[in-house]
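First comes the structure, then the notes that go with it.
Protein chains get the first letters and strands the later ones, always in sequence-line order, with residue 1 at the start of each.
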Amino acid sequence: MAAAKATGVAAAATSAVFRSNQELTRLARSGQLAAARRLFDEMPHRNTVSYNAMLSALARHGRLADARRLFDEIPRRNLVSWNAMIAACSDHGRVADARELFDAMPARDDFSWTLMVSCYARAGELKLARETLDRIPGKKCTACYNAMISGYAKNGRFDDAVTLLREMPAPDIVSWNSVLVGLTRNEKIVRAAQFFDEMPQRDMVSWNLMLEGYVRAGDLNAAAGLFERVPSPNVVSWVTLLNGYCRAGRIGEARELFDRMPERNVVSWNVMLGGYLRLSHMDEAYRLFSEMPDKNSISWTTMISALVRAGKLQEAKDMLNKMPFDSFAAKTALMHGYLQSKMIDDARHIFDALEVRDAVCWNTMISGYVHCGMLDEAMVLFQQMPNKDMVSWNTLIAGYAQDGQMRKAVGIFRKMNQRNAVSWNSVISGFVQNGLCFEALQYFLLMRRDAKMADWSTYASCLSACADLAALQVGRQFHSLLVRSGYISDSFAGNSLISAYAKCGRILEARQIFDEMAGQDIVSWNALIDGYASNGRGTEAISVFREMEANGVRPDEVTFVGVLSACSHAGLIDEGLRFFNSMTKEYSLQPVAEHYACMVDLLGRAGRLSEAFKLVQGMQIQPNAGVWGALLGACRVHKNDELAQFAAEKLFELEPRKTSNYVLLSNISAESGKWDAAENMRTLIKERGVHKPPGLAGST
DNA sequence: TATGCGTAGT
């Protein structure tokens, strides 16, 4: 009697656990992690299945560390617990951790082997994946062959994939589809179509993959034709074609298809929404969003990201607050938006509230501080960051370098255990930008000794250093290094050579490089025009501009900086004014501060100071230091003390720490006999603690 | 009821 009662109680408890486990899985699968966790914590009895379900739920939501903690707490781990933990590591790209678990587990089944093969294959470690497959004792399951085939195919090794497909004992539809997906994702559409025709069996996945292949190849007609032949298209087939029309901007046809769909799910709605948002059809998007029968976190994120991109940060924030989900993507999108608008406090607010932060997130916030010139804050955050990656270090180095603090940049660089090309290039280009060209070249030599990782960017910086030093012979050496390294065929390299030769006064050699280039791009033309302009050959610069137009290359903003400065150097006032006007009228380019600086310089040289000043006052954008500097320079030549004083004040506001501005104004005062003013200026320099930027003496 | 290989949306 008592025994029967006890058995009954135990059975009731078991079925209660069973039911709770079902609910736990349901919550986890519908994305309700917090609710799942609450249920799990409140369960009076848990079995291994409960732990395994919770572990997978945590892993699926990016909480790898929590999943691992739970794994370590499981009282009676079974094979599924080990497999689930390996899957979690694999999904997060933690190959070494997966391998460690795999080696430590007490027994292995088909799942374990398939997971390990898949883990290596997804990490691109095809050799290790194959070794694992070959090590499987006894009969291998179909899934593990398929994992290997998928690995080969996704990495473009189609022959290996097909060979294994032929060798395996019992290929199934997944095996065939695994090859097909490799072909379609790698844009091998012709071979994919051929393979598709030869497949002994096809299911909906095969048809949908082929559809996707045509969409990716941009062949919407072929996709639509195939769609007509799909025996009974399912919602994925419809969505694939719909997405094709949306991505191609063919929104009318997309909407027609959407309206014709026999069944729509949240994905169909999201694709249609994305189509409108891609084209900035905000009204349509809002209408669709309000009509959606259900919205998931992707629907909200799509909408919020679009608002962020459109610069509507307040609307994006309001929407984020209304969102009933917790979406990392939506929050980080808004954070990005804030950082781009330099709203650093709002960005930091989101960052601090994030429950999970990945390296990208930390690096974004750090580079946000750098972007706002708040280097101390960037450094503090960098020091707090738990797992710094190369990007974190490089961001900080570039930040200090661009701020002129080369001593700090180098200090951080030297603390790095490992460096990549970006680390070296940040330091080298930092030296060049700060006028420390010898140091740049010195570091190039160190880089060659440490590792041969120089790329076109390295050479571009070094060539620029040579140009600034007018070190023609060293420049020629870089030219030959560039030839030997093979980067010469890169248009970036060719363009930096053009600039270097031009800056060394060798405009003919610059022209020769230009003529020998395989394909001149807009940057090449700009470099040549600027080269002629800075060599005082304004007329020739303008004729290169004409040549460029004749070649059908459309000038951009940079082109006009070169052209306007050419006019300025050559004293072609009316020509310059005409170009400045044609920029907006003919080419719909909005002038930026640099163009205004050129125009001020142009008018200033001709003594037309009041016109220059009027131009500055009429600017649609805030004049920068270059503009005021140009005006100040012109005032000096033409002895206009009053305007000089005004321009200088503006300049001091913008660049309070730049000595040369103070010196320039002091000289203007002195030249016009105002010795008191000159003396005052020198005192001001001392008072404001303005000093020359520190060099690197002693730190290398 | 929990873990593996192939298809759609940020």
**Asked** Rounding to a whole Å, what distance do you find between A/M54:CE and B/dT3:P?
**Response** 13 Å

**Asked** Taking the side chain of A/R185 as heavy atoms from C-beta outward, which of B/dA8, B/dT1, B/dA2 is closest to it?
**Response** B/dA8

**Message:** Applying side-chain hydrogen bond (donor to acceptor under 3.5 Å, both in side chains) as the test, list every pair that has at least one member in residues 243-254 of chain A; sequence neighbours left out.
**Reply:** A/R250-A/E253

**Request:** Taking the six-membered ring for Trp and the single ring otherwise, decide whether the centroids of A/F382 and A/W362 are under 6.0 Å apart.
**Result:** no

**Asked** In whole angstrom, what separates A/M148's CE from B/dG6's P?
**Response** 13 Å

**Asked** So what does A/K295 touch, heavy atoms closer than 4.0 Å: a base, only the sugar-phosphate, or nothing?
**Response** nothing

**Request:** Could you work out which one of B/dC5, B/dT1, B/dA8 sits closest to the side chain of A/S150?
**Result:** B/dC5

**Within residues 83-119 of chain A or reaching into it, pairs that qualify as ring-ring contact (aromatic ring centres under 6.0 Å, His included) - sequence neighbours excluded** = A/F102-A/W113

**Prompt:** Measuring from A/S81:OG to A/I86:CD1, what's the distance to the nearest 0.5 Å?
**Reply:** 11.0 Å

**Message:** If you compare every side-chain N and O of A/R26 against the phosphate oxygens of B/dT1 (OP1, OP2), does one of them come in below 4.0 Å?
**Reply:** no

**Message:** Ignoring hydrogens and geometry beyond distance, is the side chain of A/D203 in donor-acceptor contact with the base of B/dG6 at under 3.5 Å?
**Reply:** yes

**Asked** Sequence neighbours excluded, which residues qualify as side-chain hydrogen bond (donor to acceptor under 3.5 Å, both in side chains) partners of A/S327?
**Response** A/T301

**Asked** What is the ring orientation for A/F195 with A/W176, classed by angle as parallel under 30°, tilted 30 to 60°, or perpendicular over 60°?
**Response** tilted

**Message:** Given 3.5 Å as the limit, does a donor-acceptor pair link the side chain of A/S423 with the main chain of A/N420, or not?
**Reply:** yes

**Message:** Given the structure, check if the side chain of A/N265 and the base of B/dA8 hold any donor-acceptor pair shorter than 3.5 Å.
**Reply:** yes

**Item:** Under 3.5 Å donor-acceptor, A/T48 side chain and A/R76 backbone
**Value:** yes

**Request:** Please name all residues satisfying side-chain hydrogen bond (donor to acceptor under 3.5 Å, both in side chains) with A/R287, sequence neighbours left out, ordered by chain then number.
**Result:** A/E284

**Message:** Using OP1 and OP2 only, check whether a side-chain N or O of A/R122 sits under 4.0 Å from B/dC5.
**Reply:** yes

**Request:** Can you tell me which residue pairs pass the side-chain hydrogen bond (donor to acceptor under 3.5 Å, both in side chains) test with a partner in residues 272-283 of chain A, sequence neighbours excluded?
**Result:** A/R255-A/Y276

**Prompt:** According to a strict under-4.0 Å criterion, is A/T114 in side-chain N/O contact with OP1 or OP2 of B/dC5?
**Reply:** no

**Item:** Within residues 65-99 of chain A: residues closer than 4.0 Å to DNA chain B (heavy atoms)
**Value:** A/N78, A/V80, A/N83

**Item:** DNA chain B contacts among residues 133-145 of chain A, heavy-atom distance under 4.0 Å
**Value:** A/C141, A/A143

**Asked** Is the closest basic N to carboxylate O distance between A/E377 and A/R348 below 4.0 Å?
**Response** no

**Between A/T142 and A/D172, a side-chain donor and acceptor under 3.5 Å** = no

**Asked** Which is true for A/D110 with a 4.0 Å heavy-atom rule: it touches a base, it touches only sugar-phosphate, or it touches nothing?
**Response** base

**Asked** If you take atom types as modelled and just measure distance, does the side chain of A/N146 reach the base of B/dG4 with a donor-acceptor pair under 3.5 Å?
**Response** no

**Message:** Does A/V271 reach a base, just sugar-phosphate, or nothing at all? Heavy atoms under 4.0 Å.
**Reply:** sugar-phosphate

**Pair A/D160 + A/R130: basic N to acidic O under 4.0 Å** = no

**Request:** Mark yes or no for whether A/K295, through its side chain, and A/F289, through its backbone, hold a donor-acceptor pair below 3.5 Å.
**Result:** yes

**Complete:** side-chain contact (heavy atoms from CB on, under 4.5 Å) filter on A/N47, not counting sequence neighbours, yields A/V17, A/N21, A/V49, A/S50

**Request:** Using a heavy-atom cut-off of under 4.0 Å over every strand shown, decide if A/R60 touches base, sugar-phosphate, or nothing.
**Result:** sugar-phosphate

**Request:** Specify the separation, in whole Å, of atom CG of A/L24 and atom C1' of B/dT3.
**Result:** 15 Å

**Residues in contact with DNA chain B, drawn from residues 157-184 of chain A - heavy-atom cutoff 4.0 Å** = A/I173, A/V174, A/N177, A/S178, A/V181

**Request:** Considering only NZ, NE, NH1 and NH2 on the basic side and carboxylate oxygens on the acidic side, decide whether A/R216 and A/E212 come within less than 4.0 Å.
**Result:** yes

**Prompt:** Considering only heavy atoms, which members of residues 223-230 of chain A lie under 4.0 Å from some atom of DNA chain B?
**Reply:** none

**Spacing of A/E212 atom CD relative to B/dG9 atom P, expressed in whole Å** = 7 Å

**Fill in**
Here the distance between atom P of B/dA8 and atom CZ of A/R247, to the nearest Å, is 11 Å

**Request:** Using side-chain hydrogen bond (donor to acceptor under 3.5 Å, both in side chains) as the criterion, list what pairs up with A/D103, not counting sequence neighbours.
**Result:** A/R99

**Asked** Nearest to the side chain of A/N47, which nucleotide is it out of B/dT10, B/dT3, B/dT1?
**Response** B/dT1

**Value in whole Å for how far the P atom of B/dA2 lies from CZ of A/F111** = 11 Å

**Asked** Going by heavy atoms closer than 4.0 Å, what residues in residues 275-294 of chain A are next to DNA chain B?
**Response** none

**Request:** Report the nucleotide, chosen from B/dG6, B/dG9, B/dA2, that has the shortest atom-to-atom distance to any side-chain atom of A/I298.
**Result:** B/dG9

**Message:** Tell me whether A/E131 at atom CD has more than 12 heavy atoms from other residues, nucleotides or ligands lying less than 6.0 Å away.
**Reply:** yes

